Amino acid sequence: MILHLPPHIEQRLRLLKDKGGASVVIRLYQHKDYPALAEMYRCFEPKEWSQGLPPRLDHKREEWLRYVVERAINLLAIMEEKVVGHAALFEIEHARSYEYLIFVHQDYQDRGIGTALSQAMRDLAQEMEWRKIWLTVGAINLKAIHVYEKVGFCIVGPRDIECVMTLTLKEDNEGQ
Ligand SMILES: CC(C)(COP(=O)(O)OP(=O)(O)OC[C@H]1O[C@@H](n2cnc3c(N)ncnc32)[C@H](O)[C@@H]1OP(=O)(O)O)[C@@H](O)C(=O)NCCC(=O)NCCS
């Protein structure tokens, strides 16, 4: 991982209940989690659902996922020792902003996991005093837009086939 976090954040985990009362753990990805995370994406459907992700072809999916776990801050949602959700934050523009992505396995959606992962990522970014999180989302992806708005993202610019959403965590005092 290129971005480094202080140990107290790396070791933190959140324990919560999903909407049905089942236990969910949210914590940072560790190298040993790769097979379980890859398995979530192997089973994720529909493939190529959002901006061509997750890739359908096994070798492309592996190439993409290896890149994500090496380059981003990664949070996992774990239920019964299975990875059921994954959120990632990439540093872009030399830490001026961070790009966000999230996937929750289809069998575990609508239980509050995507919201919990996004809140945990927002809190982590806030604690690190990062300025802005950014993402693009398909305008028809109303569920994702709803989740992003719940955690504080706003649509900026035109609501086209894809929308850009940003979450400002810290005002830029340098006027840039
Ligand atoms: C988008 C995604 C991450 C959300 O995760 P999730 O665990 O299902 O989200 P939650 O259960 O926390 O919240 C879903 C919310 O959307 C609402 N919702 C469900 N279907 C909806 C719809 N068609 N339109 C609007 N809101 C909808 C739910 O009611 C819930 O809101 P509430 O808690 O205020 O009632 C997940 O559905 C997913 O992985 N989708 C496929 C990949 C994807 O689109 N990723 C985003 C790429 S930009």
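When a residue number appears, it is its place in the shown sequence, counting from 1. Only heavy atoms go into these numbers, but all of them, side chains included; no hydrogens, no water, no symmetry mates. Fair warning: this is a prediction, and the values are worked out from it, not measured in the lab. Remember, it's 1-based here, ligands and their atoms both numbered in the order they're listed.
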Participant: Can you list the residues that meet the salt bridge (charged side-chain N to carboxylate O under 4.0 Å, His left out) rule with R122, with sequence neighbours excluded?
Facilitator: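 R122 satisfies salt bridge (charged side-chain N to carboxylate O under 4.0 Å, His left out) with no other residue.
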
Participant: Considering only NZ, NE, NH1 and NH2 on the basic side and carboxylate oxygens on the acidic side, decide whether R12 and E127 come within less than 4.0 Å.
Facilitator: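 Counted as a salt bridge, because a side-chain N and a carboxylate O are separated by less than 4.0 Å.
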
Participant: Salt bridge (charged side-chain N to carboxylate O under 4.0 Å, His left out) with E162: which residues, sequence neighbours excluded?
Facilitator: none

Participant: Let me know which protein residues bring a heavy atom to under 4.0 Å of ligand 1; chain then number is fine for ordering.
Facilitator: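 Answer by chain and number: K19, F44, W49, S50, I102, F103, V104, Q109, D110, R111, G112, I113, G114, T115, T136, V137, N141, L142, K143, A144, H146, V147, Y148, K150.
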
Participant: Sequence neighbours left out, what passes salt bridge (charged side-chain N to carboxylate O under 4.0 Å, His left out) with R56? Give chain and number order.
Facilitator: none

Participant: Before we go on, tell me: are the rings of F103 and F44 under 6.0 Å apart, centre to centre?
Facilitator: yes

Participant: One pair to check against salt bridge (charged side-chain N to carboxylate O under 4.0 Å, His left out): R42 and D58. What are the steps and the verdict?
Facilitator: CA-CA 8 Å; R42 191 185 68 79; D58 292 348; over 6 Å; no

